[in-house]
Amino acid sequence: MLFVGGVHGLERIGTQVLLSYLHTIIERMTWDTTLHHLLERIQIVFIPLVNPVGMAKNYRSNGNHIDLMRNAPLNSQEKTAFLIGGHRLSPRIPWFRGHNSQQMELEADALTRFVTDLTTSRTVTLSLDCHSGFGLKDRIWFPYAHSAKQAFPYIGDVFHLRHTFMRTYPNQNYIFEPQALHYLCHGDLWDHITLQCLRQQQVILPLTLEMGSWRWIKKNPLQIRQALGIFNPMKPQRIQRVLQKHIVLMDFMINATANYPSWFNHADNPYYKQQALSRWYKKQQ
């Protein structure tokens, strides 16, 4: 189980959520024998800050003004969102992918190599990448971000995982869906990592937690005057609530990783695959 945050330097709340949860895990290690037993079965990895220069300078991008989530050498063959879908126009414009001749940025390349190494010889790897900034609701997204026509290879397993989460926690209010329902983009880093793992016959199910920052702006409109205010809760009590809110999701993902045989069965998951295609890919059927 891999937890990732801080890919975009402005989205500090993702790093804060992971550091808070890591603190909880460390404290539990001092007294919780069930956690010790769990860690004999699975590995939990935290990368709370992928883009330290961006966070230090209040950039969305890294220090070279390149958006790490648009930096992979992967082009969508379908119509992408203008600018937000990744572009090569200028580093002065957000969502800049880098120039065509450039190699991947150090941070993006390091994460790719780390994850592909991490998945070696493991039956299944789950990841949760924490972001903020889209909509009024918290969303859990999964690949592919580069195609609305091509379904994620493990779509049945992701749908089964979603089904298990919704049944276990019926009062949660996440929206669980493919990112492609909203917009397509070039160079998506998790699409690239997924495809790299597929080529090496390794299984990864990368999820993205997209915390809805518009809700924080709605409650405190004046914070939109600050760059950080567009992507983060600013008042202490709201920050505290956000740090508490996602513990259930992260606990669930750790337990789902430990109990993957109960929901992950890629070869024999036609029912959930059909359910997923019917729900999210009706136009492509």
> Are the side chain of S213 and the backbone of I230 linked by a donor-acceptor contact shorter than 3.5 Å?
yes
> Quick check, are the ring centers of Y59 and H65 under 6.0 angstrom apart?
yes
> Quick check against the 3.5 Å criterion: does R139 have a side-chain atom that pairs as donor or acceptor with the backbone of G212?
no
> Please check: side-chain N/O of R70 versus main-chain N/O of I84, any donor-acceptor pairing under 3.5 Å?
yes
> Would you say F46 and F114 are hydrophobically clustered, going by side-chain heavy atoms of ILVMFWY under 4.5 Å?
no
> Before giving the answer on side-chain hydrogen bond (donor to acceptor under 3.5 Å, both in side chains), spell out for Q77 and S147 the whole-Å C-alpha distance, their side-chain angles and the decisive distance to 0.1 Å.
CA-CA 7 Å; Q77 302 304 310; S147 177; over 6 Å; no
> Taking the six-membered ring of F159 as reference, does the NZ or CZ atom of R162 fall below 6.0 Å from its centre and within a 45° cone about the axis?
yes
> If Ile, Leu, Val, Met, Phe, Trp and Tyr residues are connected whenever their side-chain heavy atoms lie under 4.5 Å apart, and connections chain through other members, are L49 and I13 in the same group?
no
> Can you hop from F264 to I140 via hydrophobic side chains spaced under 4.5 Å?
yes
> Using a 4.5 Å cut-off on heavy atoms from C-beta on, say whether the side chain of I42 contacts that of Y260.
no
> Output yes when R113 and D117 qualify as a salt bridge under the 4.0 Å nitrogen-oxygen rule, no when they do not.
no
> Could you tell me whether the side chain of H186 and the main chain of G86 form a donor-acceptor pair under 3.5 Å?
no
> Please answer whether the main-chain N or O of Q16 pairs with a side-chain N or O of S20 as donor and acceptor at a distance below 3.5 Å.
no
> Would R241 and Q244 count as a side-chain hydrogen bond (donor to acceptor under 3.5 Å, both in side chains) here? Give the steps.
CA-CA 5 Å; R241 282 198 289 268; Q244 295 170 350; over 6 Å; no
> Mind listing the closest non-hydrogen atom pair of D138 and R215 along with its distance?
OD1-NH2, 3.6 Å
> Mark yes or no for whether S76, through its side chain, and H146, through its backbone, hold a donor-acceptor pair below 3.5 Å.
yes
> Are L118 and I47 in one and the same hydrophobic cluster, where Ile, Leu, Val, Met, Phe, Trp and Tyr link if side-chain heavy atoms are under 4.5 Å apart?
yes
> Can you tell if the side chain of L207 reaches within under 4.5 Å of the side chain of L161, non-hydrogen atoms only?
yes
> State plainly whether one hydrophobic cluster holds both M253 and L205, where clusters connect Ile, Leu, Val, Met, Phe, Trp and Tyr through side-chain heavy atoms under 4.5 angstrom apart.
yes
> Roughly how far, to the nearest 0.5 Å, is CD1 of I175 from CD of E210?
11.5 Å
> Quick one: sort the H99 and F96 rings into parallel, tilted or perpendicular, breaks at 30° and 60°.
perpendicular
> Just do the side-chain hydrogen bond (donor to acceptor under 3.5 Å, both in side chains) check on N64 and E105 with the steps written out, would you?
CA-CA 9 Å; N64 295 326; E105 291 296 289; 2.7 Å; yes
> Would you say Y154 and L198 make side-chain contact, with heavy atoms under 4.5 Å?
yes
> Considering non-hydrogen atoms only, spot the tightest contact between R12 and M55 and give its length.
NH2-O, 2.8 Å
> Quick check against the 3.5 Å criterion: does S132 have a side-chain atom that pairs as donor or acceptor with the backbone of M211?
no
> Is the distance between the ring centroids of F142 and W280 under 6.0 Å?
yes
> Would you say the ring centers of W141 and H131 fall short of 6.0 Å from each other?
no
> Say you draw a straight line from CD of E27 to CG of L35; how long is it, rounded to the nearest 0.5 Å?
12.0 Å
> Would L184 and K79 count as a side-chain contact (heavy atoms from CB on, under 4.5 Å) here? Give the steps.
CA-CA 7 Å; L184 300 182; K79 184 177 180 181; over 6 Å; no
> Could you walk me through whether R238 and N232 pass side-chain hydrogen bond (donor to acceptor under 3.5 Å, both in side chains), step by step?
CA-CA 9 Å; R238 291 203 180 101; N232 303 278; over 6 Å; no
> Would you say CD of Q200 has more than 12 non-hydrogen atoms from neighbouring residues, nucleotides or ligands within 6.0 angstrom?
yes
> Looking only at atom types and distance, does a side-chain atom of E107 sit under 3.5 Å from a main-chain N or O of V50, one as donor and one as acceptor?
no
> Look at the rings of H182 and F134 and say which category their plane angle falls in: under 30° parallel, 30 to 60° tilted, over 60° perpendicular.
perpendicular
> Quick one: are C185 and M69 in side-chain contact, heavy atoms under 4.5 Å?
no
> Crowded around Q237 CD? As in, over 12 foreign heavy atoms under 6.0 Å?
yes
> Mind checking whether Y169 and F252 have parallel, tilted or perpendicular rings, split at 30° and 60°?
perpendicular
> Is R97 reaching over with its side chain to a backbone N or O of H87, donor-acceptor style, under 3.5 angstrom?
no
> Using 30° and 60° as the class boundaries, would you call the ring planes of Y144 and F152 parallel, tilted or perpendicular?
perpendicular
> When you look at NZ of K273, are more than 12 heavy atoms from neighbouring residues, nucleotides or ligands closer to it than 6.0 Å?
no
> When you measure from the side chain of T15 to the backbone N and O of E11, does any donor-acceptor pair fall under 3.5 Å?
no
> Classify the ring geometry of Y21 against F3: parallel below 30°, tilted from 30° to 60°, perpendicular beyond 60°.
perpendicular
> Which atoms form the tightest heavy-atom contact between K218 and L136, and what is the distance?
CD-CD2, 4.3 Å
